[in-house]
Amino acid sequence: MEKKRWDCTALPKGWKMEEVTRKSGLSAGKSDVYYFSPSGKKFRSKPQLARYLGNQMDLSSFDFRTGKMLMSKLNKNRQRLRYDNNNQNKGKPDLNTSLPVRQTASIFKQPVTKVTNHPNNKVKTDPQKAVDQPRQLFWEKKLSGLNAYDIAEELVKTMDLPKGLQGVGPGCTDKTLLSAIASALHTSAAPITGQLSAAVEKNPGVWLNTAQPLCKAFIVTDEDIRKQEELVFSVRKRLEEALMADMLAHVEEAANDGEPLKEEGAGSEDMESV
């Protein structure tokens with residue numbers, strides 16, 4: 001295991017950056033990056049570093065792997081900050097994570113609950129209350145253009161849908177279809193069958209079933225299930241090997257870090273015996 005340590009000029013004075021390259025095992029050639037504070041505290045990830053520094057430094061443009069500030073992200077952050085300062089009508093950010101479904105004002109009678117300390121008060125309900133609220137057609141298209149990023153601010157690769165899944169509706173792309181299927185799986189307990197009506201292809205604005213995603217009717221065969229099981233087994237096997245290699249590398253690293261301490265302890269025993 002080879003270790004290299006040097007001063008990190010992008011962080012405050014006294015911070016060190018260390019790169020550890022593994023020489024053996026399944027992860028041979030892989031490098032890990034660590035940072036050390038002036039007091040000697042070790043940091044293994046960018047979130048740990050950001051929590052420790054707090055408001056002392058903005059790490060939004062800091063690249064944890066190279067230890068440098070990315071000028072492209074830094075310029076974007078400056079432009080965004082300048083725009084926010086000039087925008088006087090800026091409101092609070094929308095932190096609502098619910099799906100962008102139209103919140104239509106109900107035109108039906110709603111139950112009224114009257115709560116007081118009087119014993120004769122009763123709750124009146126309307127038995128004809130509508131259970132299903134109206135939903136906007138093709139609302140899944142509002143999710144287009146949104147991307148997912150990992151902790152290293154790298155774009156996460158999207159999934160490849162099977163060829164049997166075909167979209168329905170105007171301008172329905174693969175990303176829109178993926179968003180529609182994922183939303184249906186998370187918000188509905190009913191089975192996902194797609195649009196069963198053949199008339200939906202002629203006029204989706206009239207015959208579209210809003211309870212199903214924007215895709216044509218499909219059938220999951222035994223061959224599809226077998227291929228998916230093989231894929232899951234292969235991914236789990238690779239994950240098991242990666243976790244085992246990482247665990248062995250950490251054990252080896254801990255053993256190497258403990259050797260100098262044992263030598264120092266042996267030296268102190270010799271001094272006491274003298």
**OP:** Indicate if Tyr34 and Val251 have the same hydrophobic cluster label, given that clusters are the connected sets of ILVMFWY residues with side-chain heavy-atom separations under 4.5 angstrom.
**Re:** no
Original post:
Taking atom CD of Glu19 and atom OG1 of Thr21, what is their separation to the nearest 0.5 Å?
Top reply: 4.5 Å
Original post:
Taking the side chain from Glu154 and the backbone from Tyr149, do they hold a donor-acceptor pair closer than 3.5 Å?
Top reply: no
**OP:** Decide yes or no for Asp174 and Leu165: does some side-chain heavy atom of the first lie under 4.5 Å from some side-chain heavy atom of the second?
**Re:** no
Subject >> Pairing of Arg226 and Glu223 as salt bridge, 4.0 angstrom limit >> reply: yes
Original post:
Can we say Glu240 and Arg236 salt-bridge, meaning some charged N sits less than 4.0 Å from an Asp/Glu carboxylate O?
Top reply: no
Original post:
OG1/Thr66 to CE/Met17 distance, rounded to the nearest 0.5 angstrom?
Top reply: 6.5 Å
Original post:
Is the Phe62-Tyr35 ring centre distance short of 6.0 angstrom?
Top reply: yes
**OP:** Run the numbers on Val20 and Val33 for side-chain contact (heavy atoms from CB on, under 4.5 Å), then give the verdict.
**Re:** CA-CA 6 Å; Val20 179; Val33 177; over 6 Å; no
Subject >> Closest contact, heavy atoms only, Cys8 versus Gly67 >> reply: SG-O, 3.6 Å
Original post:
Is atom CD1 of Ile225 surrounded by more than 12 heavy atoms (other residues, nucleotides or ligands) closer than 6.0 Å?
Top reply: yes
Original post:
Can any side-chain N or O of Asn209 pair as donor or acceptor with the backbone N or O of Ala211 at less than 3.5 Å?
Top reply: yes
Original post:
When rounded to the nearest 0.5 angstrom, what distance separates CG in Asp32 from CG in Asp246?
Top reply: 7.5 Å
Original post:
Does the cation-pi check pass for Lys16 over Phe36, that is, NZ or CZ under 6.0 Å from the six-membered ring centre and within 45° of its axis?
Top reply: no
Original post:
About how many Å separate CD of Glu18 and NZ of Lys42, when rounded to the nearest 0.5 Å?
Top reply: 6.0 Å
Original post:
Would the number of heavy atoms belonging to other residues, nucleotides or ligands and lying under 6.0 Å from CG of Asn203 be above 12?
Top reply: yes
Original post:
For the residue pair Leu11 and Met57, what are the closest heavy atoms and their distance?
Top reply: CD2-SD, 3.9 Å
**OP:** Find the distance between OG (Ser37) and CG (Leu53) and round it off to the nearest 0.5 Å.
**Re:** 9.0 Å
Original post:
Any donor and acceptor pair, going by atom type alone, linking the side chain of Asp224 with main-chain N or O of Val220 inside 3.5 Å?
Top reply: no
Original post:
At their closest point, which heavy atom of Ser31 faces which heavy atom of Arg65, and how far apart are they?
Top reply: O-NH1, 2.9 Å
Original post:
Between the main-chain N or O of Arg44 and the side-chain N or O of Gln48, is there a donor-acceptor pair closer than 3.5 Å?
Top reply: yes
Original post:
For the hydrophobic clusters of this structure (ILVMFWY residues joined by side-chain heavy atoms under 4.5 Å, transitively), does one cluster hold both Val235 and Met244?
Top reply: no
Original post:
Looking only at side chains, do Thr176 and Ser179 share a donor and an acceptor under 3.5 Å apart?
Top reply: no
**OP:** Specify whether Trp15 and Phe43 have parallel, tilted or perpendicular ring planes, treating 30° as the upper limit for parallel and 60° as the lower limit for perpendicular.
**Re:** tilted
Subject >> Polar contact flag, side-chain donor to acceptor under 3.5 angstrom, Gln195-Lys216 >> reply: no
Original post:
Are there more than 12 heavy atoms of other residues, nucleotides or ligands under 6.0 Å from atom NZ of Lys3?
Top reply: yes
Original post:
Any side-chain heavy-atom pair from Leu177 and Ile181 closer than 4.5 angstrom?
Top reply: yes
Original post:
Do you know which two heavy atoms are closest between Ile192 and Phe218, and how far apart they sit?
Top reply: O-CZ, 3.5 Å
Subject >> Heavy-atom closest contact (Thr193 atom, Gln212 atom, distance) >> reply: N-OE1, 3.0 Å
